[in-house]
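Working notes, structure below.
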There are 2 protein chains.
Amino acid sequence: MNISERKKQILKSIVENYIETAEPVGSRAISEGLGLSSATIRNEMAEMTSLGLLEQPHTSAGRIPTSLGYRIYVNELMRSHMLTISETEEINKSLKIRMEQLDKAISDAGRLVSELTNYPAYALAAVNTPVTVRRFDFIQVDPRTLIVVLMLSNSTVKNRLMNLTRPLDEGFLLKLGAVFNANFTNCPESEMDSTLISSVERATGDIYGISASIASFAIRALSETENKKAFVAGASHILEHPEYRDWEKAHRLMNYLSESENVFRLPVPEDNSDVKILIGSENVAEELKDSSVVVAKYELGAGVEGLLGVVGPTRMDYAKVAASLSYIAKGMKALVDGKENHLPVLGNEKSADE
Amino acid sequence: MNISERKKQILKSIVENYIETAEPVGSRAISEGLGLSSATIRNEMAEMTSLGLLEQPHTSAGRIPTSLGYRIYVNELMRSHMLTISETEEINKSLKIRMEQLDKAISDAGRLVSELTNYPAYALAAVNTPVTVRRFDFIQVDPRTLIVVLMLSNSTVKNRLMNLTRPLDEGFLLKLGAVFNANFTNCPESEMDSTLISSVERATGDIYGISASIASFAIRALSETENKKAFVAGASHILEHPEYRDWEKAHRLMNYLSESENVFRLPVPEDNSDVKILIGSENVAEELKDSSVVVAKYELGAGVEGLLGVVGPTRMDYAKVAASLSYIAKGMKALVDGKENHLPVLGNEKSADE
DNA sequence: CTTAGCACTCTCGACGTAAGAGTGCTAGCA
DNA sequence: TGCTAGCACTCTTACGTCGAGAGTGCTAAG
């Protein structure tokens with residue numbers, strides 16, 4: 001979109017004023033800041049309205065940005081936000097999560113984002129390489145109790161306690177280990193079918209009826225690991241924003257976010273970009289047409305990558321939200337690399353301002 | 001509270017009518033149902049208002065029950081609700097959860113309750129016996145990688161992958177196992193202090209610097225297991241109820257529920273009772289003074305017990321909510337006992353009606 | 001003790017009005 | 001030609017009035 005520099009400055013003032021006050025902004029409100037008379041600004045506003053960058057709730061109200069208006073602001077005018085020292089300190093402190101429990105780490109990251117931005121946040125993780133069992137181990141606790149330990153190809157370990165109906169013979173345990181390690185390791189979930197299982201059952205001469213349980217445990221462990229996980233935090237924050245004071249709007253959005261299938265369908269940043277921003281009508285889901293989504297990608301090594309996002313009104317503090325998300329997403333990566341004391345510091349590298 | 005049988009019937013009609021319509025109920029509305037003229041009912045209503053069982057939003061409106069009015073309804077008048085066949089089937093189906101992951105089972109139960117009742121639900125679990133490590137095992141994956149497997153006294157198993165800076169000597173692993181099993185088993189978290197750890201470090205002659213990691217892993221595993229867990233599901237349901245159409249009320253309650261410390265402080269049923277109901281002002285927390293809480297206790301064996309509760313407006317369908325909670329709480333117990341096809345069927349055992 | 005009747009009170013929605021905000025347009029000025 | 005002061009116009013919002021409707025409390029009669 002090619003518009004004059006002056007129009008851009010006016011648009012910028014309108015967007016920032018509107019983000020702050022949540023009220024349609026009139027020509028007078030920004031005339032001083034720009035050193036132009038309100039009449040001049042009115043003329044420009046009228047043109048921008050017909051260009052589709054601004055709209056009026058009604059004839060005698062000020063202007064508010066359209067999705068397109070926000071889009072231009074985000075692409076060309078937004079000055080990248082600088083997190084305060086105390087904010088980065090808070091993030092750094094919170095990020096020192098115990099990473100053993102992947103789920104918890106991810107949901108905590110979501111919570112952190114939500115608290116920081118005061119918008120509902122979501123976090124999701126997916127494993128993008130097929131996972132296999134790398135190794136089976138069996139620990140005999142007592143004659144009728146067995147612990148099955150699986151080491152998976154992504155370096156996670158799963159275990160399960162199993163009870164037997166009759167005392168276990170030691171030789172059987174060795175055979176069980178040999179057969180499972182020979183047949184099931186490096187075998188993706190999809191190939192673990194019933195014929196494989198029954199052939200293993202024969203090979204071990206299983207009189208305890210336990211091979212099938214072990215196999216199904218392995219299958220479940222793999223599918224659990226490969227399954228996507230979604231967490232939503234701070235959904236109630238949307239009630240703080242005037243655009244959701246209407247309970248039906250709030251309810252619709254909260255309902256949408258409480259279904260994890262919907263969360264999985266939220267947008268994904270392009271590979272080359274840091275943060276993706278979808279504004280209002282740019283969203284495909286009907287329920288999000290008057291909300292915006294800001295999302296960042298993070299990696300956790302071991303083939304795990306995921307998204308960290310924020311949902312809020314189109315009148316969102318995009319600069320701050322994008323900065324926070326980007327910082328936290330990078331921080332998660334750094335955490336895994338063990339450099340938790342060297343978190344990146346976001347600067348003005350993306351400034352489009354003078 | 002000693003009031004005439006007729007007053008009770010009137011109170012019952014008022015409560016049930018109000019639960020259904022959410023509008024103050026006038027004398028005319030219930031006169032036919034009881035075979036009394038509206039004037040008579042008005043007289044009774046006036047007395048019950050001065051007794052504190054009813055109140056009027058304003059002079060010319062109908063009556064609504066006070067907390068005390070609901071209390072009498074719940075204690076003496078409520079007819080225990082019969083779940084429909086399809087409801088019990090839905091519950092039974094949903095309850096066949098994979099119980100391996102305690103957390104998931106509990107949060108799923110909360111979700112189920114919320115879906116069934118259309119109120120926000122919470123689920124929490126606590127281990128009420130001290131947990132210890134019953135057994136340490138070490139699996140060597142490769143010279144520099146080790147899996148530590150802990151079997152805890154409550155029959156859960158925890159594991160952790162550890163990387164070493166130098167290749168592992170086999171004899172060391174055996175010694176490690178011997179020392180840990182001798183010193184740390186049956187030892188509650190509180191006694192695993194630094195002096196014990198350093199004495200173990202000496203005993204193993206640990207040149208890998210790994211004893212401390214194992215010990216701290218064990219400590220964390222115990223504290224994680226003993227820690228209470230809280231889940232809240234379906235918080236957005238409150239927006240469906242007219243008493244929370246005011247966004248500030250809704251926000252206050254949702255905020256309250258999003259803090260897990262608050263959830264832990266919610267009421268606990270007495271030992272002899274099935275379900276505990278706290279109505280409006282009976283709640284201690286300021287944020288719940290105009291809401292009600294219904295809570296049931298469940299047990300999961302292995303010393304795990306927890307609460308399953310519902311939060312909603314005082315105008316709540318107590319009968320149905322109590323029935324659902326009680327059914328599900330019993331169902332969870334039955335599940336663990338392996339009787340998943342013999343879930344209890346709730347009847348009218350608590351009817352106080354004719 | 002119950003109930004029909006009635007006057008009274010209070011809420012709620014409709015309506016009209018005035019104030020205020022912001023616009024678009026016109027005309028004058030650099 | 002571009003900027004701006006001024007003004008008439010439009011639309012929202014708040015406010016007050018008014019009448020309808022709902023429900024009550026009281027009284028008096030059965």
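The chains referred to below are lettered A, B, ... by the order of the sequence lines, with proteins before strands, and numbering in each begins at 1. Remember, it's a predicted structure, so these values are computed and weren't measured experimentally. Side-chain atoms are counted along with the backbone in the values below, which use heavy atoms only and exclude waters and symmetry mates.
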Inset, instruction - Using atom CD1 of A/Ile41 as one end and atom C1' of D/dC3 as the other, report the distance to the nearest whole Å. - result: 12 Å
Inset, instruction - Figure out the CG/P separation between A/Leu34 and D/dC3, and round it to whole Å. - result: 13 Å
Legend entry - B/Ile64 CD1 - C/dT11 C1' separation (whole Å): 15 Å
Legend entry - Min side-chain heavy-atom separation B/Thr117-B/Val294 under 4.5 Å: no
Inset, instruction - For A/Ser27, answer base if it contacts any base atom (sugar-phosphate contacts may also be present), sugar-phosphate if it contacts only those atoms, and nothing otherwise; contact means non-hydrogen atoms under 4.0 Å. - result: sugar-phosphate
Legend entry - Inter-residue atom distance B/Ile72.CD1 - B/Thr66.OG1, 0.5 Å rounding: 8.0 Å
Inset, instruction - Go through residues 14-24 of chain A and report each residue with a non-hydrogen atom lying under 4.0 Å from DNA chain D, sorted by number. - result: none
Legend entry - Student check: side-chain heavy atoms of A/Leu288 and A/Leu278 closer than 4.5 Å: no
Legend entry - Under-4.0 Å side-chain N/O to phosphate OP1/OP2 contact, B/Arg6 with C/dT2: yes
Legend entry - Over all atoms of both residues, closest heavy-atom pair of B/Ile30 and B/Ile14: CD1-CG1, 3.8 Å
Inset, instruction - To the nearest Å, give me how far apart CZ (B/Arg28) and P (D/dT24) are. - result: 9 Å
Inset, instruction - Ignoring the backbone of B/Ser37, work out which of D/dA5, C/dT3, D/dT12 is nearest its side chain. - result: C/dT3
Legend entry - Residue pair A/Leu257 / A/Pro120: nearest heavy atoms and the distance that separates them: CD1-CB, 4.1 Å
Inset, instruction - Report yes if a side-chain nitrogen or oxygen of A/Arg63 is closer than 4.0 Å to either non-bridging phosphate oxygen (OP1 or OP2) of C/dA21; otherwise report no. - result: no
Legend entry - Of all pairs that satisfy side-chain hydrogen bond (donor to acceptor under 3.5 Å, both in side chains), the ones with a partner from residues 233-246 of chain A, not counting sequence neighbours: A/Ser236-B/Asn255, A/His237-A/Glu240, A/Glu240-B/His251, A/Glu243-A/Arg315, A/Tyr244-A/Ser291
Legend entry - Between C/dT2 (P) and B/Asn43 (CG): distance, integer Å: 9 Å
Inset, instruction - Specify the separation, in whole Å, of atom CD of B/Glu55 and atom P of D/dT24. - result: 14 Å
Legend entry - Partner set under side chain to side chain contact (heavy atoms under 4.5 Å, CB included) for A/Glu259, not counting sequence neighbours: A/Glu261, A/Asn262
All N/O pairs under 3.5 Å across the protein-nucleotides 16-18 of chain D interface:
none

Legend entry - SB check A/Glu287 A/Arg252 (cutoff 4.0 Å): no
Inset, instruction - Would you please indicate if the ring centroids of B/Tyr73 and B/Tyr318 are separated by under 6.0 Å? - result: no
Inset, instruction - Go through the side-chain N and O atoms of B/Ser67 and B/Ser281 and say whether any donor and acceptor fall under 3.5 Å apart. - result: yes
Legend entry - Distance-minimising heavy-atom pair for A/Leu68 and A/Leu51: CD2-O, 4.1 Å
Protein-nucleic acid N or O pairs under 3.5 Å, nucleotides 6-10 of chain D:
from, atom 1, to, atom 2, distance (Å)
D/dG6, O6, A/Arg42, NH2, 3.2

Protein-nucleotides 17-19 of chain C N/O pairs closer than 3.5 Å?
none

Inset, instruction - Return the 5'-most residue of the pair A/Val25, B/Thr40 with respect to DNA chain C, ranking by each residue's nearest nucleotide. - result: B/Thr40
Legend entry - Nucleotide D/dA22, atom P - distance to NE2 of B/His58 in whole Å: 13 Å
Legend entry - B/Met316 and B/Val310, any side-chain heavy atoms less than 4.5 Å apart: yes
Inset, instruction - In whole angstrom, give the distance that lies between atom CD1 of B/Ile10 and atom C1' of D/dT24. - result: 15 Å
